[in-house]
Structure formats: structure tokens, C-alpha cells
Amino acid sequence: MESPAFAPTFAGGSSGGGGGSSGAAMVRKRTPGRWKRIPRVLTPDMQARKLLGGMDFEKRSRWFLQKADELEAMDPNGCDSEEAKIGFLAFQVQVAASYRKIARTRPQDIVLRPIQLSDTKEELLTAEEMEACFAERKGSHVAQLHHFAELALKHYNAKKAEHNKFDLAQALTSNCFSEACGTTYAHVNFTAIPQNNQSDHLMKRLFFAELMLIPELQLCKDAEPMRVLQVSTIDDASCFGGCHEIRRKIDHKMRGVIDYERCHACHNILKHPKGDSFIGGHDSTKTPYYSAT
């Protein structure tokens, strides 16, 4: 029979198994709050039943109906881009309907299904194909989009020789978002035409750019608060849409929740180069990127 881990102490300082204090096991006194029983791990459906089952059915129904009303009252015009607005409107309809359905459902009837994982596909797009995707779209924040595209192209041209410079053709889409640390970034797609084109056929190029907000410069009247971090053509290599609308299946090892292969802040319509070439948008939880109010 095994001896207990901590033997009781008798008068004289010795344990019950021996006569001398030198071989006695020292007793550890329990400090309240330090030792805890390992909790039982609940499955997601057990957690939901515990949470919802602890409420009165009528109270729970009112709570979810209130949440549905609050969500439906949110103004989609607070979104940063037309793509974000479209995504938020779809989210608003779907989640509000789910809230109302939950309000009518008793806890014993709730079944949580596993989340469906997917991924954005690797694409090879020309500037003309990308422009066609936006032919029927009505953009929002158009002035901001053009400003970002012009800043990015000016930055790109400043590093190129005269025969490699471009003029803006079409500003396609942009997305502003903030990270958990508070840093604000912008991702932009635009097309441009060579300034000194010698061919009858205009060689349009498709670009991606990343910009970062410098908050201190917003206080300076004549300063530009957006700093261009990176500009590159993406019609000569693989590009990838943003993962904001999906739950991405991630097979590689991440650093915490950071997925350096994709952008999780942008929608699929905004195309990016490989993830290690830009800084913002890698938080796979997407928590910092829900900006609609």
C-alpha cells in the first residue's frame, strides 16, 4: 500500500512512520486559494447548455431579441469600404436571424455544429481582369481610395528610373483597419499605365500597396499622415484574396494567433501578394478588424 504524499505530523516533529525527525516528511500546509481542483473540461455544446440553461427561458429570449434589435440598428455606413459594407450587411442579416432563432429555441434543442474551414485560392490576375471585377461596383470613400492610390504610386515612381514610371489608371479598392496594438493600416489595389509606353497596346499593371497611419502627423496642417510601407505589382506572380469572410484552415505553425501567410483584415476582393511582404492584417482571430458601428 502506497504511503500518502504528505504524512501527518505528531508532537516532537516526527511523522507517524518513524521515530526521528530527520527522516520525517515535512507537512505542507494548504494556503487557501493556491491549490485548486482541476476543473472538468466542458465541450462547446455543454458550455452552451450550461450558459443558456442557467437563465430563465423568457429572460434568455428577451436578451437575444434585444441583441438582434441592437445589431439591426447598427449603421453600415460606418464601414471603411464598400466591400466591408457589403460584408457587414450580410453579417447583420445572418446573425440577427440567428439571435431571433435562438430566442425561440430551448437549450435542450440546441446543437452546435463544427465550424467549416476553407481558404482563399491562389490566383493569377491581369489588371484588366481585376478592373472587370469592379465594373459594376459602386465604391465608398472614393476620395480616400484615390488619395491612397496616388500616394502609393508617387512612392513607387520615386524609386524608379524615368522609363519605369507609371500614371494611375484606376483606383480599385482599399481597406483601413487597426491592429490590437492600435496601429492603423490601409491596403489598396489599383491599376496603372507606363508613362513612356512605346507600344500601341497599353501595358496596364495591377498593384498592391500597404500604408500606415502616423497619428502624430494628423496634428500638422501640411503633413501627410499616411506613410507608404510597400508597393508592388501583383499581376506577375500569385496573389491571394483576404480571409475576412471565412475561417481559414491553417496547417502551418503560427506564432500565437498570427498567420503570416494571409491577410485576415481584408475581404476576398482585395488581392495581396504573399503574406510575408506586408505587415498588417495577420491576426487570424479577426477581432481587431470588426470596425462597423
Item to check | Counterpart residues, salt bridge (charged side-chain N to carboxylate O under 4.0 Å, His left out), relative to K286 (two or more places apart) | outcome: none
Next on the checklist: Please determine whether side-chain contact (heavy atoms from CB on, under 4.5 Å) holds for the pair T191 and Q170, giving the CA-CA distance in whole Å, both sets of side-chain angles, and the decisive distance to 0.1 Å.
Outcome noted: CA-CA 5 Å; T191 57; Q170 186 175 341; 3.5 Å; yes
Item to check | Set of ring-ring contact (aromatic ring centres under 6.0 Å, His included) partners for F91, sequence neighbours left out | outcome: none
Checklist entry - Are S232 and I234 side-chain neighbours, meaning at least one heavy-atom pair lies under 4.5 Å? => result yes
Checklist entry - Measuring from M130:CE to N189:CG, what's the distance to the nearest 0.5 Å? => result 4.0 Å
Checklist entry - Which ILVMFWY residues are connected to L151, directly or by a chain of links, through side-chain heavy atoms under 4.5 Å apart? => result L145, F148, L153, Y156, F166, L168, V188, F190, F207, L211, L213, M226, V228, V231
Checklist entry - Side chains of R205 and D235: closer than 4.5 Å at any heavy-atom pair? => result yes
Checklist entry - Closest approach of A68 and A96, non-hydrogen atoms and distance? => result CB-O, 3.9 Å
Next on the checklist: Membership question, hydrophobic clusters at under 4.5 Å side-chain separation (ILVMFWY): are L270 and F177 in the same one?
Outcome noted: no
Item to check | Whichever hydrophobic residues join F240 through chains of side-chain contacts under 4.5 Å | outcome: none
Checklist entry - Taking the six-membered ring for Trp, are the ring centroids of Y185 and F278 within less than 6.0 Å of each other? => result no
Next on the checklist: Quick check against the 3.5 Å criterion: does Q92 have a side-chain atom that pairs as donor or acceptor with the backbone of L71?
Outcome noted: yes
Item to check | Polar side-chain atom of T105 near backbone of K101 as donor-acceptor pair, under 3.5 Å | outcome: yes
Item to check | Whether N175 side chain and A265 backbone form a donor-acceptor pair below 3.5 Å | outcome: yes
Next on the checklist: Please evaluate residues Y260 and H252 with respect to the criterion side-chain contact (heavy atoms from CB on, under 4.5 Å), reporting the C-alpha separation (whole Å), side-chain torsions for both, the decisive distance (0.1 Å), and the verdict.
Outcome noted: CA-CA 10 Å; Y260 285 112; H252 66 90; 5.6 Å; no
Next on the checklist: Give me each pair satisfying side-chain hydrogen bond (donor to acceptor under 3.5 Å, both in side chains) with a member in residues 269-280, each pair once, sequence neighbours excluded.
Outcome noted: E123-K271, H187-H272
Next on the checklist: Between D69 and R100, does any side-chain N to carboxylate O distance fall below 4.0 Å?
Outcome noted: yes
Checklist entry - Can you tell me if E210 uses its side chain to pair, donor with acceptor, with the backbone of I279 under 3.5 Å? => result yes
Checklist entry - S178 side chain to T184 main-chain N or O, any donor-acceptor pair under 3.5 Å? => result no
Item to check | H146 side chain vs A171 backbone, donor-acceptor pair below 3.5 Å | outcome: no
Item to check | L124 and S238, any side-chain heavy atoms less than 4.5 Å apart | outcome: yes
Checklist entry - Are C176 and Q144 side-chain neighbours, meaning at least one heavy-atom pair lies under 4.5 Å? => result yes
Item to check | Pairwise distance CZ(R104) to CG(L65) - rounded to 0.5 angstrom | outcome: 9.0 Å
Checklist entry - Taking only residues two or more places apart in sequence or in another chain, which ones pass salt bridge (charged side-chain N to carboxylate O under 4.0 Å, His left out) with E70? => result K67
Next on the checklist: Give me the atom names and distance for the closest heavy-atom approach of G87 to H267.
Outcome noted: CA-CE1, 3.8 Å
Item to check | Considering all heavy atoms, the nearest K85-P76 contact | outcome: CG-O, 3.8 Å
Checklist entry - When hydrophobic residues are tied together by side-chain contacts of less than 4.5 Å, even through go-betweens, does M74 share a cluster with V95? => result yes
Next on the checklist: To the closest 0.5 Å, what do you measure between CG (D167) and CD (Q195)?
Outcome noted: 4.5 Å
Checklist entry - Shared ILVMFWY cluster between L206 and F134, side chains joined below 4.5 angstrom? => result yes
Item to check | Validation row: C266, H244 side chains within 4.5 angstrom (heavy atoms) | outcome: no
Item to check | D259 backbone acceptor or donor facing H282 side chain under 3.5 Å | outcome: yes
Next on the checklist: Using side-chain heavy atoms (C-beta onward) and a distance below 4.5 Å, is F208 in contact with Q230?
Outcome noted: yes
Checklist entry - Are E224 and K154 ion-paired here, with the side-chain N under 4.0 Å from a carboxylate O? => result no
Item to check | Smallest separation among heavy atoms of E179 and G281, with atom names | outcome: OE2-N, 2.6 Å
Checklist outcome for this item: Separation between CD (E128) and SG (C133), nearest 0.5 Å, reads 12.0 Å
Next on the checklist: Quick one, E131 and E129 - any side-chain contact, counting heavy atoms below 4.5 Å?
Outcome noted: no
Item to check | Partner of T120 under side chain to side chain contact (heavy atoms under 4.5 Å, CB included), chosen from E261, R262, R248, E245 | outcome: R262
